[in-house]
Amino acid sequence: GPGGAVADPTLWPFATLMTYGDLPICTASLVAPRWVLTAAHCEAGTDLGFVDLFPGAPLRDARGPGLQPDVVRVHPLYDPVVSESWDFALYRLSTAASFTPVPLPRSDATTPSRADIAGWGDTSYGSNAGSNALRDVVGGIPVLANDTCTTAYSTDLHGDAMLCAGGDPNPGGDRKSTRLNSSHRC
């Protein structure tokens, strides 16, 4: 249903909760023992001293000790004033995580028709509440053609920089789903 279901955290060991101070701000994915991938808009000039990353945390309010990043790298072409494209940031952890990184696709992989997602974000459009439990949509959400999203949401999507996925591709539909603030497994 809308907002997915409470996830089995063993299916998402790479899902990483990102906090600023004690405030959960984004979901990220552990892509290597010392590297976490998230959206560049989550970085927003934050002081790394206040950022904590929690790989494998099933609950926002019972997450154990976090790992601190020591470096952040925002994609050099990311410019939120110009476009939503290239919205990627990598955080290097000061110590290696003991969780399994996400299995990344090969460079020659084709774009899937559906994508499984997980995260702690809003469970309904505009709620701004977030979920305490990690939630997922296994079986996936549809991956949409970029021209469909460009038309529906009046935004310029670059096929080599973004993946458009989610709900209703019609204006007034679930626009939030076009920017997946979650861990992805395609």
Side-chain angles (χ1 to χ4, degrees), residues 2-102 116-137 161-163 165-166 174-185:
V6 174
D8 174 352
T10 64
L11 298 176
W12 303 92
F14 49 83
T16 302
L17 177 65
M18 181 177 177
T19 64
Y20 185 73
D22 198 39
L23 179 67
I25 57 172
C26 282
T27 302
S29 293
L30 185 69
V31 294
R34 288 194 61 203
W35 289 95
V36 172
L37 174 69
T38 193
H41 70 266
C42 296
E43 192 274 335
T46 56
D47 178 346
L48 289 181
F50 290 100
V51 175
D52 286 299
L53 297 153
F54 301 89
L59 299 172
R60 288 191 333 178
D61 65 0
R63 54 187 177 249
L67 299 175
Q68 285 69 51
D70 57 9
V71 172
V72 62
R73 300 278 188 251
V74 173
H75 195 286
L77 296 178
Y78 176 66
D79 183 348
V81 175
V82 176
S83 169
E84 293 179 328
S85 292
W86 306 103
D87 190 8
F88 306 106
L90 282 165
Y91 283 80
R92 186 178 71 190
L93 302 173
S94 56
T95 59
S98 61
F99 293 90
T100 304
V102 65
D116 293 340
I117 61 169
W120 292 268
D122 297 345
T123 57
S124 62
Y125 184 69
S127 71
N128 293 321
S131 172
N132 182 47
L134 178 66
R135 299 180 70 83
D136 65 10
V137 180
M162 293 185 77
L163 178 70
D174 186 6
R175 174 175 162 74
K176 190 169 184 92
S177 62
T178 65
R179 290 191 53 174
L180 298 174
N181 181 18
S182 49
S183 288
H184 307 83
R185 179 175 52 218

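Just so you know, residue 1 is the first one in the sequence shown, and it goes up from there.
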Which of Val71, Thr16, Leu53 passes side chain to side chain contact (heavy atoms under 4.5 Å, CB included) with Leu93? It is Leu53

task = Answer yes or no: is there a side-chain heavy-atom contact under 4.5 Å between Tyr91 and Arg73?
result = no

With sequence neighbours left out, the residues meeting salt bridge (Lys or Arg N to Asp or Glu O under 4.0 Å) with Arg92 are Asp70

Taken to the nearest 0.5 Å, the spacing of Arg34 CZ from Leu67 CG works out to 10.5 Å

Check: Below 4.5 Å, heavy atoms only, C-beta onward: do Met18 and Cys42 meet side chain to side chain?
Finding: yes

Rounded to the nearest 0.5 angstrom, the NE2-CZ distance for His75 and Phe88 is 7.0 Å

With side chains defined as the heavy atoms from C-beta onward, is the minimum distance between Pro76 and Tyr78 less than 4.5 Å?
no

CG of Leu77 to CG of Asp87, rounded to nearest 0.5 Å, is 12.5 Å

Check the pair Asp136, Trp12 against side chain to side chain contact (heavy atoms under 4.5 Å, CB included), reporting the backbone distance first and the verdict last. CA-CA 9 Å; Asp136 65 10; Trp12 303 92; 2.8 Å; yes

Note: Pro24 and Thr19 closest approach over all heavy atoms is CA-CG2, 3.9 Å

Shortest non-hydrogen pair, Val6 vs Ala133, comes out as CG1-CB, 4.1 Å

Would you say that Ser94 contacts Pro69 through its side chain, given a criterion of any heavy-atom pair below 4.5 Å between the two side chains? no

dist Arg60:CZ -> Leu134:CG (nearest 0.5 Å) comes out at 11.5 Å

Closest non-hydrogen atoms of Pro9 and Ala7, given as atom of the first, atom of the second and distance, are CD-O, 3.2 Å

Open item on the list: I'd like to check Ser29 versus Phe14 (side-chain heavy atoms, cut-off strictly below 4.5 Å). Are they in contact?
Closed with: yes

Practice item. Could you tell me whether the side chain of Asp61 and the main chain of Asn132 form a donor-acceptor pair under 3.5 Å? Key: no

The reported gap from OG1 in Thr38 to CD1 in Ile25 (rounded to nearest 0.5 angstrom) is 7.5 Å

Close side-chain approach of Gln68 and Val51, heavy atoms under 4.5 Å:
no

Rounding to 0.5 Å, atoms CG (Asp79) and CH2 (Trp86) come to a distance of 13.5 Å

